[in-house]
Amino acid sequence: MLEKNYNPKDFEEQIYAQWEKDGDFKPDMRSDKDAFAIVIPPPNVTGVLHMGHALDDTLQDILIRYNRMLGKKVLWQPGMDHAGIATQMVVERNLAKEGITRHDLGREKFIETVWKWKEQSGGTICKQLRRLGASCDWSRERFTMDEGLSRAVRKIFVNLYKDGLIYKAKKLVNWDSKFMTAVSDLEVVQKETVGKMYYYKYPIEGEEGQFIHIATTRPETMFGDTAVAVSKENEKLKHLIGKKAIIPIINRAIPIIGDEHADPEKGTGAVKITPAHDFNDFEVGKRHNLPMINILNEDATLNENTPFEGMDTQTARQKTIEKMTELGLMEKIEDHPMVIPYGDRSGVVIEPLMTDQWFVDAPTLAKEAIRVVEEGEMKFVPTTYEKTYFEWMRNIQPWCISRQLWWGHQMPIWYGPDGTIFCEENEEEAQIAANKHYGKNVELTRETDVLDTWFSSGLWAFSTMGWPDKTEFLDTFYPTSVLVTGFDIIFFWVARMMMMSMYMMKKVPFKTCYIHGLVRDEQGRKMSKSKGNTVDPMETIETYGADALRFFMAAMETQGRDINMSENRIAGYRNFATKLWNASRFGEMNSCAPVKGFDETSVSHPVNKWIVAKAKEATRAVTANLNNYRFSDAANDVYQFIWGGFCDWYIEMIKPILYGEDENAKAETRATFGWVLDRILVILHPFMPFITTELWNNTAERSTKLIHAAWPQNENIDTKALNDIDWTIDLISAIRSLRAEMNLPAGAKLTVYMKGAEEKSQQHLRDFATIICSLARLEKIEAYNGEITPDMAQAVFKEAVILLPLKGIVDFSAEKERLRKELEALEKNLEGYARKLGNPSFVERAPAAVVEEEKRRQAEALDKKAKTEEALARIVNL
RNA sequence: GGGUGUGUAGCUCAGCGGUAUGAGCACUACGUUGACAUCGUAGGGGUCACAAGUUCGAUCCUUGUCACACCCACCA
C-alpha cells in the first residue's frame, strides 16, 4: 500500500543504500552492447556539494542511468582531487588554531597530518553525491594522490621530460607571496581598481639640471630598474638614447635605450624598465641584454637590493615617494584606472618574480589537442565552446607546473652533486642512472617542488582506469563517452586532459564534451559565499527531495545557458512528484497493475490505444532528446506526458470504464494502466530515480529492478489511435469552455446537442458519449437535427455546432461578445490567407504542400466564419 | 583592445524560414466528481530590442545599431 502522502524522506536514502549494497552501479561487463563511460570531474577533497555540482552530477547521472537502461556496459568513475593549495590551506588553518605552523611540523609530519585530515574530514561531498542519487561505481573510487595515480603521474612526467616537453627554466612567473609558490596564469585573477600614477624624474648623468620624466604605478620598483626606454620614433625624447639616467636615492646609473615598448602616446613617453618584476620589461630586458635585479623576497617584502629591506611593497612605495619628494624629483600623482593581479585562492597581490621553475611545453602538446577537435574526434556540445577552446589552445603559453608547496605530487627529479638532473620513475632508477653517469655511487637530492594539481587531474580519464597497466577497464572504457563540466573549467581541465591524453594515449580522453553554464541565484547573480546568496543543495533536498532538485536541474538545462535558481520551480517539481504519487495511488485503489504477458499492441478500447500510442510517442521524444543532450526538452516531454496526458486526460477518461459494468473493458484498462505507469517509471527514472523506484517496488512483484529495466527502443506508434481521442479531448474542452462562458454552475448536469456533424463525428459521439459526459459534466450528448431555438447557447466545433439548451431566460451578452471576438480573429486570419494566396509568387514559388495547407486553413476558417456568423445572427435576432 | 553570448507573456526562460495551440511561475474567475487543494476547470496577457537586406514569406538567415552578460589580454 502506498502512503497517502508523497514523502521523499521516507525512502530516498534507503533506496540509495540498497542500490549500493546490491552493486547496481557496477558496469555489467557481460553485456554485449557498447560501453558507455563518464569520469566524474573530481571534486576537491575539501569540497562540499554546491549547486554547480548538483547540476553537473545530475546531468551525468541522467546520462548514466539512461545508458544503463539501454543495456550498455556503463561506468561512472568517481573520485576526488587532492587539491594542492586548497587542502594545504585547510590543514594549515586547523594547525593555526593550535598555534602551529607547517614549518613547526616539518614536511614529512605535515603531509602525514594532511592524510589524516583526508581520512577523517575529507570527502564530505561523496556522501552528498549519494544523497543526490548519483549512481557512481563507488567501489572504483580513486584519489589523485593514491598509489596508482601517483605512479601514473611519475610515469607521464618522466616521458614528457625525456621527450623534452618538460623543462626547468629561470623565468619570470606569477608569485603568490601568501603561499610562497609560483602559480599558473590561470590561477591569477585580474581585478580592476583605481590606483595612482606617479610622475617623477630621473636626473641625466653628467648634465646638470637635465631630467628624464617617468610615469609609473609602482615607484618602489625603481631599485630594480636597469634601463629607461623611449621610442626611437619619439622626436622629443630620442636624443636621450645612449645617455644615462641616474636612479635617485641609490644613485645608480642606467642606460636610456630605444625600444618600441615605449609608446610616445602613453605616460611621459619614457618607461622605466624593471626586467625582474614586469612581464613586458622582462622582454625588453632580453632584447637589450639588461641585467635583472630582483628586489623582492619570497614573502613580497623588499630585499637587500633596496634601501627599504624588509618593508612590504605598500610601505616601501610611501617611503620612496617621500624620498623623491625630499629630493625635489616628485612631479605629480594622479588617479589611474588599473588592473591588479590577485591569487585566486590566496587573494593576495601576485608579483612577477624571477625563479627557477618547471614548465610543460604546452604549445607543442596543444597541436594534437587542437587537431582532434578540428577533425571532430572530440566534439563540444554546444559547439560554440569549440571557439573558446581553439582560441585558448592556439595562444597557449608554457605551463608552469612546479609549486613550492608540500601537499602534492613531488616531482620525480633528483639532482646529482653537481646539479645534474636525473628524471626517473623512482629513486632506485634515478640512483642507477646517476651512478652510471658519474661512474661511481653518488648521493642524490630530490627536487622539493610538487606539481600543479591540474597535472594529475589531466590524467584522470585514463589514470583512473588503471593506466599505465593494461587493464580490461582501460580497454573497454577508454576513450570515455562524454565529459560533463562547466565552461569555467575548459582551460583548467578540459584543455589539459586533451593535451595529456593525446600525448600519452594517442586517443581523445572523451568523444564528447558537454559544457553547461553556471547556477546563479534567483536574481541571476553569481552565487558566492561573500555575497551570502548561496543555496545549499542539501537543504533543498531536505525540503523538496532529491528528485525535485534533479528534475529542476534537468528541466532548466538548455544547452550551455546559465541557470537561475528558483525555489518556486523546485517546489513545482516536488508537486509533480506528488502528482505522480497520487496517480499511482489511484491505480492501486482501482486494482490497476501490470499484467504478465500483457501485449499493449492488442488493446481494443480507443482510450487505451490512445494512451499506449501517447506513451510511445513520449518515449521516442525523450530518447531523441537525451541522445542529443537536450535535457530540458527531454524533461519536459516526460513532464507533459505524465501530467498533461496521463493524469489530466487518461485517468479522467477511464473513470467511467473503471466504475462501469463492462468487465472486459475494465480488465483491459487496468492492465493498460499498469503498463503505462510502468512505462512512465522507466522513462522518468533517469530524472527522478527515487520516486520511480519506490513506485516500481510497490506496484507489483518485480523480477527486474527498475535501475536495470530495459529502455524501450524502435517502437511502432499507432498514430491513428491518437486522432479519435484527440477529437474527443477537443470537444470536451469546447464544451467546458462554453459552460464557463455561460457562467453555469460547475455542478449542473447539462444536455448538449451537436448539429451538422458528419457521420464520422456522429460515430465518435456515440462511441465516447460516456466519457464526454463524465468529463464535461453532462447528462447526455447527442446529434441533433432540429431547429436551433433561442434558449440554446452555441459554439462552433469543427464542422458542427455545439448547442447547449438552457432552461429559462439566459443572458446572451457574454456569448455575443465571445462570438464577436472570435469573428474578429477569424477575419484577421482570413485577411492573411487571402493576402498570401493572392500573391502569385507565393503560389508559384512556395512548396506545394505549404500552399495546400494554406488553402485548407482558409477553407476551414471560411467555414467557421460562416457558422459563427449564423450563430451570432440568431442571437442578435432574438 | 580581442572574442563569445543574450535581448520572445508581469517574472524566469523554451522554440521555430511558413498564422507564437509556447512552458513554468505569477495573475483573474469558478470549483463540482471517491488519486491529488503539493489539486481541478476556464480565462487575460506578446508590434518575438531597433533598422536595413536576402526570400514568395523573417521572431528565426545576413549586416548594422542599441542594451546587457561573460571570457581573454592590458599595472608606464
Side-chain angles (χ1 to χ4, degrees), chain A residues 2 4-6 185 190 193 195 197-199 214-218 229 261-263 266-274 278-281 336-341 349 352 384-385 387-388 391-392 395 487-488 490-491 517-518 522-524 526 544 555-556 558 560-566 568-569 571-590 632-633 636 639-640 647-648 651-652 655 659 733 736-741 743-749 774-775 777 828-829 832-833 836 839-847 849-851 853-854 857 861:
Chain A
L2 292 170
K4 171 125 179 27
N5 294 312
Y6 164 63
D185 297 345
Q190 312 281 347
T193 31
M197 179 75 83
Y198 303 89
Y199 291 82
I214 309 277
T216 180
T217 54
R218 302 199 54 187
H261 170 59
D263 182 344
K266 283 188 182 169
T268 61
V271 193
K272 64 194 268 310
I273 302 298
T274 322
D278 181 283
F279 288 99
N280 288 315
D281 293 3
H336 183 72
M338 52 196 268
V339 186
I340 297 178
V349 174
T384 161
Y385 285 106
K387 289 181 197 150
T388 312
E391 184 63 21
W392 162 258
N395 297 306
F487 67 85
D488 49 331
I490 294 177
F491 304 145
L518 242 51
E522 303 235 357
Q523 283 84 44
K526 224 170 169 170
Y544 300 104
M556 297 303 284
T558 54
R561 275 184 77 140
D562 287 352
I563 291 175
N564 290 356
M565 241 7 245
S566 162
N568 251 340
R569 219 162 162 139
Y573 292 123
R574 187 269 325 267
N575 296 354
F576 169 62
T578 307
K579 186 80 180 173
L580 175 63
W581 185 265
N582 285 316
S584 306
R585 284 180 55 235
F586 171 83
E588 189 178 58
M589 289 167 174
N590 289 283
S632 73
D633 287 336
N636 287 327
Y639 184 98
Q640 286 306 332
C647 295
D648 285 351
I651 289 184
E652 294 307 320
K655 279 179 183 172
Y659 304 149
S733 301
R736 282 170 173 173
S737 193
L738 184 61
R739 285 182 69 124
E741 201 72 53
N743 278 321
L744 296 170
K749 288 259 186 175
S774 160
L775 272 70
R777 298 295 293 167
K828 221 173 131 195
N829 287 348
Y833 301 136
K836 261 189 169 173
N839 179 351
S841 45
F842 171 74
V843 181
E844 274 165 38
R845 310 182 69 157
V850 172
V851 178
E853 179 61 17
E854 203 70 9
R857 281 176 183 161

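Since the structure is predicted, the reported quantities are computational estimates derived from the model, not experimental observations. In what follows, chains carry the letters A, B, and so on, assigned in the order in which the sequence lines appear, proteins first and then strands, with residues in each chain numbered from 1.
Stem regions annotated for RNA chain B: B:1-7 with B:66-72, B:10-13 with B:22-25, B:27-31 with B:39-43, B:49-53 with B:61-65, counting only runs of 3 or more consecutive pairs of Watson-Crick or G-U type with both contacts under 3.5 Å.
Taking side-chain N and O atoms only, A/S737 has no distance below 4.0 Å to OP1 or OP2 of B/rA42. Regarding contacts with the backbone of B/rU19, a side-chain N or O of A/R857 is found under 4.0 angstrom from either OP1 or OP2. In this model, the phosphate group of B/rA76 is not approached by any side-chain N or O of A/N280 to a distance below 4.0 Å at OP1 or OP2.
A centroid separation of less than 6.0 Å is found between the aromatic rings of A/Y639 and A/Y573.
Separating the C1' atom of B/rU65 from that of B/rA23 is a span of 32 Å, rounded to the nearest Å. When the P atom is used for both B/rC11 and B/rG46, the distance is 13 Å, rounded to whole Å. Taking atom C1' on both nucleotides, B/rU32 is separated from B/rC36 by 15 Å, rounded to a whole Å.
Nucleic acid contact class of A/D488 (heavy atoms, under 4.0 Å, all strands): none. Residue contacts for A/E844: at a heavy-atom cut-off of 4.0 Å it reaches no nucleic acid atom on any strand shown. Among the protein residues, A/A846 comes within range of the nucleic acid bases, having at least one heavy atom under 4.0 Å from a base atom. Looking at heavy-atom distances under 4.0 Å, A/T384 makes contact with sugar-phosphate atoms alone, never a base. Within the nucleic acid shown, A/T216 comes within 4.0 Å of sugar-phosphate atoms alone, with no base atom in reach, counting heavy atoms only. Across all strands, A/T217 comes closer than 4.0 Å to base atoms (heavy-atom distances).
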Inset, instruction - Produce a footprint string for nucleotides 21-29 of chain B: one letter per nucleotide, 5' end first; B if the base is under 4.0 Å from any protein heavy atom, S if only the sugar-phosphate is, - if neither. - result: --SBS----

Inset, instruction - Can you check each nucleotide of nucleotides 30-36 of chain B against protein heavy atoms at under 4.0 Å and return B for base, S for sugar-phosphate only, - for none, in 5' to 3' order? - result: --BBBBB

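Across the protein-nucleic acid pair, A/F487 atom CZ and B/rG3 atom C1' stand 14 Å apart, rounded to whole Å. Taking atom CG on A/D562 and atom P on B/rG7, their separation rounds to 13 Å, with Å as the unit.
Of the charged side-chain nitrogens involved, at least one lies within less than 4.0 Å of a carboxylate oxygen, so that A/R857 and A/E853 count as a salt-bridged pair.
You'll find a donor-acceptor pair under 3.5 Å spanning the side chain of A/Y833 and the base of B/rU19, going by distance alone.
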